[in-house]
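Remarks on the structure that follows.
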There are 2 protein chains.
Amino acid sequence: MVGDRTDWSAMRDRRMAEPGAVEAYDAARLAFELGRAVRELRERRGWSQSQLAQASGMTQSAVARFEAGGTVPTLPVLERLATALDVSLHVSFAPRDAAA
Amino acid sequence: MVGDRTDWSAMRDRRMAEPGAVEAYDAARLAFELGRAVRELRERRGWSQSQLAQASGMTQSAVARFEAGGTVPTLPVLERLATALDVSLHVSFAPRDAAA
DNA sequence: CACTGGTATAGCATCGTTGCTATGGCCTGG
DNA sequence: CCAGGCCATAGCAACGATGCTATACCAGTG
């Protein structure tokens with residue numbers, strides 16, 4: 001079937017509710033995508049969750065939780081993961097129209 | 001004077017301590033820069049802290065705290081601010097060498 | 001079958017951010 | 001001088017992420 005996937009765009013149009021409603025959802029999605037990104041970087045290095053945990057000063061359970069998108073990570077944690085994975089973390093605001 | 005600004009690069013070279021030490025500092029610097037960015041966007045719109053607070057579902061005190069870099073913001077808060085300021089929030093990992 | 005390594009999940013304590021209220025300083029205008 | 005808007009800061013409660021330990025599930029392997 002064609003319309004199988006969730007209609008994200010429709011949900012995003014629910015602007016104008018109370019402040020914090022849609023944005024909280026965005027944060028959850030961001031958490032999910034960051035989790036996937038870290039998992040990719042980790043597996044590319046052939047590391048286990050335990051190894052990444054030790055390298056970033058976390059525990060294996062915290063890594064698993066984060067990669068699963070179970071929680072919205074904090075910036076300090078993202079920094080530590082970035083350092084451990086030898087990448088740099090970028091956080092920025094950009095105009096809506098401009099791609100970057 | 002030329003060497004007026006703080007020598008950040010020297011501090012950044014303090015890698016190799018325990019995990020979480022330098023990264024916590026990075027997070028604080030990130031918080032400071034994000035605060036400045038939001039303040040710029042806000043003032044460019046001619047908004048007061050109270051107006052931005054209401055638009056983003058925060059309080060004036062929280063906005064002030066954040067703009068001053070007093071705390072490391074969470075992703076949900078950054079999302080709300082971005083939405084209120086009509087910009088998009090970008091969080092990503094990038095290779096250290098590649099600029100972006 | 002037992003054993004090992006990797007991952008997911010749970011429960012709890014701790015820490016930090018945020019929400020909220022209130023206050024003080026600063027500046028401008030009346 | 002007083003009033004009002006703007007910003008900074010403080011104190012406290014509540015919420016959420018993290019640290020930590022322990023456990024369960026699964027896939028290989030001997």
Side-chain angles (χ1 to χ4, degrees), chain A residues 18-85 89 91, chain B residues 18-85 89 91:
Chain A
E18 336 108 69
V22 178
E23 292 74 17
Y25 156 73
D26 280 342
R29 188 163 54 91
L30 224 179
F32 189 79
E33 291 173 357
L34 286 172
R36 272 198 315 129
V38 166
R39 169 160 297 185
E40 259 184 45
L41 290 169
R42 176 177 65 82
E43 291 180 338
R44 186 170 309 169
R45 295 203 141 212
W47 285 7
S48 67
Q49 289 182 344
S50 302
Q51 286 174 302
L52 175 57
Q54 184 174 4
S56 57
M58 308 174 61
T59 57
Q60 180 265 329
S61 66
V63 173
R65 210 163 28 185
F66 165 68
E67 285 188 355
T71 60
V72 178
T74 58
L75 292 184
V77 166
L78 290 177
E79 286 276 6
R80 284 190 288 167
L81 287 171
T83 300
L85 291 166
L89 176 67
V91 183
Chain B
E18 335 108 71
V22 177
E23 292 73 18
Y25 155 74
D26 280 344
R29 188 163 56 92
L30 224 179
F32 188 80
E33 291 173 357
L34 286 172
R36 272 198 315 131
V38 165
R39 170 161 295 183
E40 258 182 46
L41 289 170
R42 175 176 66 81
E43 291 179 339
R44 186 170 308 169
R45 295 204 144 212
W47 285 7
S48 68
Q49 288 182 344
S50 301
Q51 286 174 301
L52 175 57
Q54 185 173 4
S56 58
M58 308 174 62
T59 57
Q60 180 266 329
S61 67
V63 172
R65 211 162 27 181
F66 166 68
E67 286 188 355
T71 60
V72 177
T74 58
L75 291 183
V77 167
L78 289 177
E79 286 277 6
R80 285 190 286 168
L81 287 171
T83 300
L85 291 166
L89 176 68
V91 183

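First the proteins, then the strands, lettered A, B, ... as listed; each starts at 1. Here the structure is a predicted model, which is why all the values come from computation and not from measurement.
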Does D/dC6 have OP1 or OP2 sitting under 4.0 Å from an N or O in the side chain of B/R42? no
Whole angstroms only, please: what is the CD-P distance between B/E67 and D/dC6? 14 Å
Integer-rounded Å distance: D/dA17 C1' and A/L81 CG: 13 Å
Name all residues meeting the side chain to side chain contact (heavy atoms under 4.5 Å, CB included) criterion together with A/A37; count only those two or more places apart in sequence or in a different chain, and write none if there are none. B/F93
Within the 4.0 Å heavy-atom criterion, would you say B/T74 contacts the bases, only the backbone, or no part of the nucleic acid? sugar-phosphate
Figure out the CD/C1' separation between B/Q49 and D/dG5, and round it to whole Å. 12 Å
B/G70 or A/R65: which one's nearest nucleotide on DNA chain C is closer to the 5' end? A/R65
By nearest atom, which of the nucleotides D/dA17, D/dT21, C/dT18 is closest to the A/T59 side chain? D/dT21
Under 4.0 Å between a side-chain nitrogen and a carboxylate oxygen: does that hold for B/E67 and B/R36? no
A/L75 CG to C/dT17 P, straight-line distance once rounded to whole Å: 10 Å
Pick the closest DNA chain C nucleotide for B/L78 and for A/S61 by heavy atoms, then say which residue is nearer the 5' end. A/S61
Options D/dT21, D/dC7, C/dA8, nucleotide nearest the side-chain atoms of B/Q60: D/dC7
Regarding A/V77, tell me which of base, sugar-phosphate or nothing describes its non-hydrogen contacts under 4.0 Å with the strands shown. sugar-phosphate
Could you check how far CZ of A/F32 sits from P of D/dA17, rounded to whole Å? 16 Å
With B/L78 as partner, the option from B/V91, B/L34, B/T83, B/V38 fulfilling side-chain contact (heavy atoms from CB on, under 4.5 Å) is B/L34
Just checking B/A62: base, sugar-phosphate only, or nothing, at a heavy-atom cut-off of under 4.0 Å? sugar-phosphate
With respect to the side chain of B/S48, which nucleotide from D/dC7, C/dT21, D/dT21 is positioned closest? D/dC7
